Chemist: 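I'd like to ask some things about the structure below.
For clarity, every value in this text was computed on a predicted model and none was experimentally measured.
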Amino acid sequence: MADNSNTQTGKKGTTRRDFLKNSGLTVGGVVLGGAIGSLFGGSDTTTTQETAPAAPALTVNPSAALMFFTPDQYQLTQAAAERIYPKDDNGPGAMELNAAIYIDHQLAGAWGINSKEYMAGPFYKAEETQGSQIRILRKDLFLMGLAALNTYSNKTFEASFIDLEAEQQDEVLTAFSEDKVPEISKVRPSIFFNLLRSLTIEGVYADPLYGGNKEMQGWAMRKYPGTRLSFTQEIQNSDFVQLDPESLTSHMGH
């Protein structure tokens with residue numbers, strides 16, 4: 001009887017080992033304990049719980065990343081935007097406020113390809129009252145304008161735009177604004193300058209969600225309270241109430 005019992009036990013053990021090997025429940029010869037309990041109803045399995053490591057604190061703005069420009073184009077845009085909105089005693093300039101990041105994101109999106117505008121022919125010479133009637137996409141015009149800035153800078157001062165003195169950079173931009181440089185693919189250079197200027201101002205004062213106005217410093221200089229949901233209590237106050245700026249992301253928890 002003892003022999004029969006041992007034989008049965010041996011067969012049972014062998015069968016289990018074969019089953020575990022064939023079913024992929026072993027890794028490098030080690031049986032995965034959690035699987036054994038579920039298969040054979042064992043109550044002596046141990047369960048270990050590990051605490052997930054805390055997520056690292058976010059130290060950078062994820063919006064501050066290039067989506068369109070090359071690094072050289074980005075640096076050139078930074079330099080040009082800084083002369084349009086320079087740093088002074090009132091606060092930071094366009095470079096510190098990430099205006100060039102805002103411009104990069106706008107050109108990378110639907111606005112950069114004029115997606116909501118009719119861009120097909122026929123084309124006619126537009127009257128001054130009709131506004132811009134150019135055939136070139138904004139993103140392409142901007143890149144051609146940057147290249148024209150460097151070409152004119154090298155021709156006039158024998159140096160790239162970013163290497164010029166601030167006064168020389170102002171001279172170049174003024175020449176573009178007054179159409180005193182060659183046309184950019186049959187487009188007046190002032191149109192490029194106005195595009196650059198508008199985007200720079202937007203980048204300084206738009207919500208940080210769009211990449212510019214770093215840490216809402218553009219708003220702080222104007223004492224603008226940002227995108228608050230309500231001003232009811234402040235309006236009812238007879239005294240002026242100065243509020244710290246809040247961005248769109250400030251309301252994510254509401």
Side-chain angles (χ1 to χ4, degrees), residues 66-109 111-114 117 119 123-206 211-214 218 221:
L66 292 181
M67 301 170 63
F68 178 73
F69 290 137
T70 65
D72 289 342
Q73 292 166 346
Y74 171 65
Q75 292 174 7
L76 180 53
T77 303
Q78 275 189 316
E82 181 68 14
R83 295 314 307 154
I84 292 174
Y85 195 98
K87 179 180 180 178
D88 58 18
D89 294 337
N90 295 316
M95 187 176 295
E96 276 187 70
L97 293 171
N98 281 351
I101 292 290
Y102 171 86
I103 297 174
D104 172 88
H105 291 189
Q106 292 300 305
L107 296 176
W111 186 84
I113 58 173
N114 302 64
E117 299 177 20
M119 299 292 291
F123 296 96
Y124 300 96
K125 183 178 179 179
E127 300 295 334
E128 290 295 329
T129 56
Q130 291 181 297
S132 175
Q133 300 289 323
I134 63 174
R135 311 180 189 188
I136 304 173
L137 299 179
R138 293 189 185 100
K139 67 180 185 67
D140 296 329
L141 174 61
F142 200 93
L143 293 184
M144 289 188 289
L146 291 180
L149 275 181
N150 260 341
T151 299
Y152 184 79
S153 299
N154 280 295
K155 182 178 180 180
T156 307
F157 298 105
E158 298 183 349
S160 299
F161 183 85
I162 61 175
D163 296 325
L164 300 180
E165 299 293 332
E167 294 76 11
Q168 295 173 324
Q169 291 178 335
D170 290 345
E171 286 185 40
V172 173
L173 291 173
T174 300
F176 272 74
S177 69
E178 298 176 352
D179 289 328
K180 293 182 178 179
V181 302
E183 289 188 342
I184 305 170
S185 188
K186 299 183 180 180
V187 175
R188 289 183 290 113
S190 60
I191 293 179
F192 162 70
F193 174 81
N194 291 334
L195 179 63
L196 170 65
R197 182 181 182 277
S198 296
L199 287 171
T200 298
I201 301 302
E202 290 174 16
V204 168
Y205 294 118
N213 190 11
K214 183 179 179 181
M221 285 189 287

Chemist: Grab the two heavy atoms, one from L76 and one from I162, that are nearest each other, plus how far apart they are.
Modeler: CA-CG2, 3.7 Å
Chemist: Within this structure, what is the NZ-CD1 distance for the pair K186 and I134, rounded to the nearest 0.5 Å?
Modeler: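 Atom-to-atom, K186:NZ and I134:CD1 are 14.0 Å apart.
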Chemist: Can you tell me how the ring of F192 sits relative to the ring of F176, calling it parallel under 30°, perpendicular over 60° and tilted otherwise?
Modeler: perpendicular
Chemist: Measuring only between side-chain heavy atoms, which start at C-beta, is I191 closer than 4.5 Å to L195?
Modeler: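 Side chain of I191 against side chain of L195, heavy atoms only: no contact under 4.5 Å found.
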Chemist: Quick check: closest heavy atoms across E82 and E96, and the distance to 0.1 Å?
Modeler: OE1-N, 4.5 Å
Chemist: Could you go through the side chain to side chain contact (heavy atoms under 4.5 Å, CB included) check for V172 and T156 one step at a time?
Modeler: CA-CA 9 Å; V172 173; T156 307; 5.7 Å; no
Chemist: In Å and rounded to the nearest 0.5 Å, what is the CZ to OG distance from F161 to S153?
Modeler: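 Reported to 0.5 Å precision, the distance equals 6.0 Å.
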Chemist: Who are the side chain to side chain contact (heavy atoms under 4.5 Å, CB included) partners of A100, not counting sequence neighbours?
Modeler: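 Per chain and number, A100 pairs via side chain to side chain contact (heavy atoms under 4.5 Å, CB included) with Y74, T77, Q78.
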Chemist: Which pair of heavy atoms, one from M144 and one from S185, lies closest together, and at what distance?
Modeler: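 That closest heavy-atom pairing would be SD-CB, 4.0 Å.
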Chemist: OG1/T200 to CG/L97 distance, rounded to the nearest 0.5 angstrom?
Modeler: 11.0 Å
Chemist: Can you tell me if S160 uses its side chain to pair, donor with acceptor, with the backbone of D163 under 3.5 Å?
Modeler: no
Chemist: What's the shortest heavy-atom distance between A94 and A81, and which atoms?
Modeler: CB-O, 3.4 Å
Chemist: Going by the rule side chain to side chain contact (heavy atoms under 4.5 Å, CB included), which residues pair with R83 if we only count those two or more places apart in sequence or in a different chain?
Modeler: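 Checked R83 against side chain to side chain contact (heavy atoms under 4.5 Å, CB included); matches are P86, A166, Q169, D170, L173.
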Chemist: Donor-acceptor check, side chain of R138 to backbone of W111, threshold 3.5 angstrom: yes or no?
Modeler: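 Here the side-chain-to-backbone pair exists.
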Chemist: For L137, give me all partners under side chain to side chain contact (heavy atoms under 4.5 Å, CB included), at least two apart in sequence or on another chain.
Modeler: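 I113, N114, M119, K139, D140.
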Chemist: Do the side chain of N213 and the main chain of G218 share a donor and acceptor less than 3.5 angstrom apart?
Modeler: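 A pair under 3.5 Å: yes.
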Chemist: Give every residue pair that meets the side chain to side chain donor-acceptor pair (under 3.5 Å) criterion with at least one member in residues 143-152, sequence neighbours excluded.
Modeler: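 Sorted pair list comes back empty.
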Chemist: Do F68 and F142 come within less than 4.5 Å of each other through their side chains, counting heavy atoms only?
Modeler: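 No, too far: nothing below the 4.5 Å cut-off.
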Chemist: Could you tell me which residues satisfy side chain to side chain donor-acceptor pair (under 3.5 Å) with E202, sequence neighbours excluded, listed by chain and number?
Modeler: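 Partners of E202 by the side chain to side chain donor-acceptor pair (under 3.5 Å) criterion, ordered by chain and then number, come out as Y102.
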Chemist: Grab the two heavy atoms, one from A159 and one from L164, that are nearest each other, plus how far apart they are.
Modeler: CB-CD2, 3.8 Å
Chemist: Could you tell me which residues satisfy side chain to side chain contact (heavy atoms under 4.5 Å, CB included) with E167, sequence neighbours excluded, listed by chain and number?
Modeler: E165
Chemist: Between D104 and L66, is there a donor-acceptor pair closer than 3.5 Å when you use the side chain of the first and the backbone of the second?
Modeler: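 Absent.
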Chemist: Which heavy-atom pair separates G91 from M221 by the least distance, and what is that distance?
Modeler: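 Here G91 and M221 meet closest at CA-SD, 3.4 Å.
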